[in-house]
Amino acid sequence: MERLARGIVNHPKKIIACFLVITFIAVLLIPFVRINYNIADYLPSKAISTKGIKVMENEFEQAIPNLNVMVRDVSLLEALEIKERLSQVPGVGEILWLDDVLDLKKPIEMADEAVVEGFYKNRQALFSVVVEKGFEADVCEAFWEIIGEGAISGEAANLTDMQESAVSEVSLSVAILLPAIIVILLLSTTAWLEPLLFLITIGVSVLINMGTNIIFGEISFITNSISPILQLAVSMDYAIFLLNSFADFRTKEKDLKMAMVRAIMASMTTIAASALTTLFGFLALVFMNFRIGPDLGICLAKGIILSFISVIIFLPALALAGDRYLEKTRHRSLWPDLTKVCKGLVRGFVPLVIVVILMIVPAFWGQRQTAFLYGNSSDDLDRKIGYSNWLINQEFGATNILAFLVPRGEMAKEYELAVRLKEHPLVENVVSYTQSVDPLIPVAFLGKEISEQFYSKDYARLLVYSDLPAEGDLTFQTVEELNALASEYYDHYYLVGQSATLWDMKNTVDVDNVRVNLLAIIAIFLVIAFSFRSFSLPFILLLTIEVAIWINLSFPYFSGTAISFIGYLVLSTIQLGATIDYAILLTDTYLKKRQIMLRREALLAALSSAVKSILVSASILSFAGFTLFLTSSNSIVQDIGLLLGRGTLISMLMVICFLPACLTWGDKLIAKTTQGVNFLNEEGFSVE
């Protein structure tokens, strides 16, 4: 370790140059990292809807409609003309409208009113469009020019909206977060230049992480949106630890380089332990079946490793190169004296602990009852996409399309299934060969343009229309009922569509939730156990943060709101990995103070010593979460941001209010179950 530290301090200019070159290359690579905005692509490959989508892509030229287009105040003839114009836009695979299910040469008054009003109502025409993958943004832009004052909604519209807002929102969140971090760091440091060194050090690692994501080919929009912010907020502590240690040794060592060598060696264990707990928390996401977890977990884990390397190698070189400027910008501490606050906490921890104990059972129960959202649609009427959804739903209700792929060749079964599906009270229409054409007419007698809509070489396709929302208890119940109907006729079939995909997501959640949380807890338990060489401390520290997580995740239930299941899964792991450091820091300080002080004296000294670092770290991380919540238009990113911001504050409060009581009440147990500690035995010290 000393050899590494000496190597770093002896070649600062070379190290700075090397990091800057790597960073420059990484920045050039960032635009070439593809961003995937389709959540369905991250479903497990064994999911039925995932298999069904692949089958349909291979078997049929046309996919399920993924865009709804409403044109206002048009006649039937005008609607047909607009349909023709829309169909000419590059990237449009197919457009389904009234003329595809009815013969418009006959009087429309003679047709089934329910069928007609699913496509044409009050001079409003609603088209169901298949947009080819990769053309979503271009098609939506062209459609707006054609329809004017109409409305566009659906998966392709949501995808386009996310693509358009993603870059600007990430930039906005960084623009808001950086000044806030600078202010927090200025208050907590003693040199005006220190915050700049911190931001350069962690900023370089963030940029390298973003550029090296090119090795994955593509990353999810969730990873792209939150990983830079999380990495910046979570790993800022490492830089603070090292530079504080350097400032301390600088007063003891005449030789500047030797002071840095000792600082690196002294802070290495603390930084490594902090990084490891966060690293294992993020790596637990890799074991999610839903592949957003591995996508995000690997990227964040890579970021933590890069931040660790940057702090241990790049920051010392940077600090040595700029030492004279650091000294010139020294100032008195602007951080308030919190000794009285700490004394108050030590005196009053009994009522605080009682409050926490009373909250544990309701919080645990509440977070288990949380209602989830699985999709990513926008209901914000101030946004164009949200207003379009509202307009179409107001006129036509929600348009929900599912597709059954059943084995081809049994026309009677296909006809009976279509009839049974149409009889379901929540199904508005079924579009299939047997419903659109007399089933007695051989398929070979019809043109290829018609037959290919319904038949491939091996499968027949039945489109099922309803006005159900994309998700919800009633929708998922209906999906199960439709599956049950199909299973009466076929042993082998597929059901695909947005609701079927979301239903598969729902069925993946419970398994992922248990697995990921358990792995994160076990990994962090082992890190704490080995770090402290203790059997009792891992239980105490994990209980502190887990209760904070339960309280945080119970808020949605008690407030009657639903949250993104991705936010729920990711947050429980991230909050544990990122905020367990606060508990480790306080505990480590308490153990050291307890060697030379009595129990309550050591507790006050530890709290007074650690509270500044905890408040600074928690302020940065919570502000990062709230910034994501306030700047993002994406519901998943918003939920992650709100949960992270609130959860960090709750973890901080638990560490400074609940953990001290656990440490002092469990003092004897800790002494017996922790190797190498030598607590003073005298009791009875009181805080003045």
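Basis for what follows: all heavy atoms, side chains included, without hydrogens, waters or symmetry-related copies.
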ring-ring contact (aromatic ring centres under 6.0 Å, His included) filter on F290, not counting sequence neighbours, yields F565
Original post:
With no hydrogens and no angle check, do the side chains of E410 and Y415 hold a donor and an acceptor under 3.5 Å apart?
Top reply: no
Q | Under 3.5 Å: donor-acceptor pair, side chain of T648, backbone of L644 | A | yes
Note: E414 and Y490 closest approach over all heavy atoms is N-OH, 3.3 Å
Report yes or no: do Y489 and R420 form a side-chain donor-acceptor pair below 3.5 Å? yes
- Item | Pairing of D73 and R123 as salt bridge, 4.0 angstrom limit | yes
With under 30° as parallel and over 60° as perpendicular, where do the rings of Y494 and H492 fit, or are they tilted in between? perpendicular
* Asked: Can you tell me if R515 uses its side chain to pair, donor with acceptor, with the backbone of F287 under 3.5 Å?
  -> yes
* To do: Assess the side chains of N483 and Y493: does a donor N or O sit below 3.5 Å from an acceptor N or O?
  => yes
Taking the side chain as every heavy atom from C-beta outward, state whether T50 and K54 have any atom pair closer than 4.5 Å.
-> yes
Under a 3.5 Å threshold, yes or no: a donor from one side chain and an acceptor from the other, between Y568 and Q367? yes
* Spell out, as yes or no, whether a donor-acceptor pair under 3.5 Å connects the side chain of T370 to the backbone of P556. => no
Residue pair T223 / S220, side-chain donor-acceptor N/O under 3.5 Å | yes
Original post:
Salt bridge between D41 and K133, side-chain N to carboxylate O under 4.0 Å?
Top reply: yes
Got a sec: does the CD of Q369 have more than 12 other heavy atoms crowding it under 6.0 Å?
-> yes
Check: Quick one: does NZ or CZ of R408 land under 6.0 Å from the six-membered ring centre of Y459, within 45 degrees of the ring axis?
Finding: no
When you measure from the side chain of W97 to the backbone N and O of F119, does any donor-acceptor pair fall under 3.5 Å? yes
Point to revise | Ring geometry between W365 and Y557 (parallel below 30°, tilted from 30 to 60°, perpendicular above 60°) | key: perpendicular
- Query: Have E395 and N122 got a donor and an acceptor in their side chains that come within less than 3.5 Å?
  - Reply: yes
Worksheet entry | Donor-acceptor pair, side chain of S388 and main chain of S153, under 3.5 angstrom | no
So side chain to side chain donor-acceptor pair (under 3.5 Å) across residues 569-578, not counting sequence neighbours, yields N517-S572, N552-Q575, Q575-S651
Would R461 count as a cation-pi partner of Y455, with NZ or CZ less than 6.0 Å from the six-membered ring centre and within 45° of the ring normal?
no
Has E136 got a side-chain atom pairing as donor or acceptor with G134's backbone, closer than 3.5 angstrom?
yes
**Heavy-atom donor-acceptor pair, N68 side chain to S128 backbone, under 3.5 Å** = no
Worksheet entry | Sidechain-backbone polar pair: N66 side chain, E155 backbone, donor-acceptor under 3.5 Å | no
Between G497 and L402, the two heavy atoms sitting closest are CA-CD2, 4.0 Å
Is a side-chain N or O of E78 found less than 3.5 angstrom from the main chain of S75, in a donor-acceptor match? yes
